[in-house]
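Since the model is a prediction, treat every value here as computed from it, not as a measurement.
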Amino acid sequence: MPIFMKPFQKHHVSDFPDVYVPLAHATRNASVVADHNEKLGFSSDSPVDDKAGEASVGGEYSANTVEGLRAEIDLDIAASGHDTTYDRKSKVINKAIMDIGMGSYQWQLFVLCGFGWLADNLVLQVVALTLPSLTSEFGVNANNVRYTSCALFIGLCLGASFWGIGADLVGRRLAFNTTLFLAGVFGLAVGGGPSWVGTCGLYAAMGFGVGGNLPVDGALFLEFLPSASQNLLTLLSMWWPLGQLLGSLIAWGFLSNYTCSPDLDSCDVSAPPCCSKADNWGWRYLNITVGAIVFLMFVARFFFFHLFESPKYLLSKGRQAEAVATVHGIAYKNKRKTWLSEEVLNAIGGDPAMVDNTKLSHADIVKRTLGKFSKDRIAPLFATRRLGVMTCLIWLCWATIGMGYPLFNAFLPQYFQNTGKANTAPTPNSIVYRNYAITSIVGVPGSIIAAYTVDVRYIGRKYTIAISTLITGILLFCFTISDDPNYQLTFSSLEAFFQSTFHRSPTPHIHSDGDKNTNLEIDIMYGVLYAYTPEVFPAPNRGTGTGIASFFNRLTGLCAPIVAVHAGGVNPNAPIYASGSLILTAFIVMCCFPIETRGKQSL
């Protein structure tokens, strides 16, 4: 099995016989041809002469001629604002992939990228679930142990930043495989955590690996997708709740049976009877199991699927022949034909032997990434009073929910256990983790309902978000009324159901400038809110507006464990009160949104 032995194999067009067909004889995608004719002002009612396979619509500038393709690329370049050899050839490759269409290669990649989504939420759940066990074994204060989540979030933030840019520098293929490898290895290592500080360090390292999944996987998947199938980026979100469900079910099995009683103190700070490592292996079993699952995902990616390097990355490095070979490889896997050749690329973008600057330097790549957040990119978001108000409200909404959501959900097992409450007996582990699993299950249908209500007349995106946010905020306060486990389960389940209508999953968006790009959040994404956000921004600045919103979300999410530690020291319910207040603040902000995007075309 040669692919098994050569995961980083380079390719030549000769590796994929019988896939090339000249552009003049190629069968172009109907939607691509229609778009071409519309851009160039040709009538769709014009006759078509199938002789030699060439459409006569537009004559010399038809969709099956290099001249017609060049004219269309010129229009795309004028709209994007970037006119380099790389940009021109990159857009030609986009068109070639569109003509190949969706096939088995993209569907296999969909599953493997879904592993990254699943692993991201799985790790978040594992850390939340192990906090009570870390307190019992290492003798860490129930409030201070929440810094464990902070360690993970730091790793996630660093991982997203490093791998997001690193994938542009070292290649998508290396980053795609390395992120899950690191997450799996350090996930296994967490199971042997020697101390609380050591465990926090291992969680941060694990987060550094898994944090790169969303930006790398999303960018990679997007670059292999034909534009007509880009809705599959949203479908990737189905893997996110599966991560939470899987984590909660595994934890229910291990933590209910192999964990110290919550009323025992650590043997490090107390005499027997106390909680020792030998009696508290549940959280270690959980981490070892999750680490093994993530590592097996890496094995599936690395050994049992041959990933082609991104053709756009290859172009940026001046490896044009390999980029063409990759597109031929996709066509071969999908049992299709392609018209792409180096001759077509050179005709549109120039011959590398005669044109300077055919590749992007590392400095150029970083400059392009940071350029999305320059003053010139931000200013148009405030071009009108209405748009400026909308921009500020959206950013505020992301910031408040970014902190409000983890203040409750990241520490839910502790709340179930009634940690820190005087004169209240700790809830048994079997009930704590059973309730957590039930809460995870109940939250899944909310996403499905949200997908329907966002397009219902008189409700739309705006009121779907607002109504679910209002109910969620009220339920958070109701959760604190009683310490009874059944009462808490009822309100946590309702809260999970309603919050899932706007707290769904990491969902990428399309930076609609005629090319394909992604802005990916490494923490908690919001299904309806993330669908709504890019729709209200003008297309040329959509990536900038959503990227800044994501930054505020990351920043406040990183601060949530710190708030929980200090507020929880004053009142065990204080973090929940803060969460409810922030969610209700978000509701007020949403009611002030001046734009409803249901049934309207994006700006």
Side-chain angles (χ1 to χ4, degrees), residues 3-4 6-8 105-127 152-191 202-224 233 236-247 250 286-310 313 505-506 508 518 520-523 525:
I3 289 179
F4 185 90
K6 298 180 180 179
F8 292 111
Y105 181 81
Q106 285 94 342
W107 283 115
Q108 293 173 37
L109 191 59
F110 171 80
V111 174
L112 296 176
C113 288
F115 286 169
W117 259 250
L118 187 151
D120 190 275
N121 200 13
L122 184 59
V123 170
L124 289 170
Q125 300 308 312
V126 165
V127 175
L152 175 69
F153 289 161
I154 290 172
L156 289 170
C157 289
L158 292 176
S161 302
F162 177 84
W163 291 112
I165 297 177
D168 292 333
L169 301 179
V170 302
R172 311 280 194 267
R173 185 158 59 175
L174 178 61
F176 181 75
N177 288 301
T178 304
T179 51
L180 275 190
F181 173 78
L182 291 176
V185 168
F186 284 107
L188 291 167
V190 169
L202 291 171
Y203 272 136
M206 188 180 185
F208 180 78
V210 80
N213 279 325
L214 302 190
V216 173
D217 295 7
L220 180 74
F221 187 51
L222 185 62
E223 290 178 359
F224 285 108
L233 285 166
L236 270 177
S237 67
M238 64 175 280
W239 294 90
W240 180 260
L242 293 179
Q244 178 172 345
L245 184 58
L246 179 62
I250 296 173
L286 171 62
N287 281 278
I288 291 171
T289 302
V290 168
I293 291 173
V294 174
F295 192 80
L296 287 175
M297 293 176 183
F298 156 73
V299 170
R301 283 182 171 187
F302 193 73
F303 293 110
F304 297 101
F305 176 77
H306 184 65
L307 176 69
F308 296 115
E309 182 55 270
S310 162
Y313 168 76
S505 56
T518 55
L520 299 172
E521 172 60 51
I522 69 159
D523 194 358
M525 282 291 186

Grab the two heavy atoms, one from [X] and one from [Y], that are nearest each other, plus how far apart they are.
{"X": "Ala183", "Y": "Met206", "value": "O-CG, 3.7 Å"}
{"X": "Glu309", "Y": "Phe224", "value": "O-CZ, 3.8 Å"}
{"X": "Leu174", "Y": "Thr178", "value": "O-OG1, 2.6 Å"}
{"X": "Leu112", "Y": "Arg301", "value": "O-NH2, 3.0 Å"}
{"X": "Ala119", "Y": "Val294", "value": "CB-CG2, 4.2 Å"}
{"X": "Gln106", "Y": "Phe221", "value": "O-CE1, 3.6 Å"}

> What distance do Ile250 atom CD1 and Asn287 atom CG have between them, rounded to the nearest 0.5 Å?
Replying inline: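 Ile250 CD1 to Asn287 CG: 10.5 Å, rounded to 0.5 Å.
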>> Can a donor-acceptor pair be found, under 3.5 Å and without considering hydrogens, that links the side chain of Asn213 to the backbone of Gly209?
In response: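 Here the side-chain-to-backbone pair does not exist.
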> Which of these, Phe176, Trp107, Tyr105, Phe115, sits in a ring pair (Phe, Tyr, Trp, His ring centres under 6.0 Å) with Phe305?
Replying inline: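 Answer to the ring pair (Phe, Tyr, Trp, His ring centres under 6.0 Å) test with Phe305 among Phe176, Trp107, Tyr105, Phe115: Tyr105.
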> For the residue pair Phe295 and Phe186, is the inter-centroid distance of their aromatic rings smaller than 6.0 Å?
Replying inline: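 Ring-ring flag for Phe295/Phe186: false, centres at least 6.0 Å apart.
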> Mind checking whether Phe302 and Phe181 have ring centres under 6.0 Å apart?
Replying inline: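 So the answer is no for these two rings.
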> In a check of side chain to side chain contact (heavy atoms under 4.5 Å, CB included) between Leu124 and each of Val127, Asp120, Leu122, Val126, which one passes?
Replying inline: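 Only one option passes, and that is Asp120.
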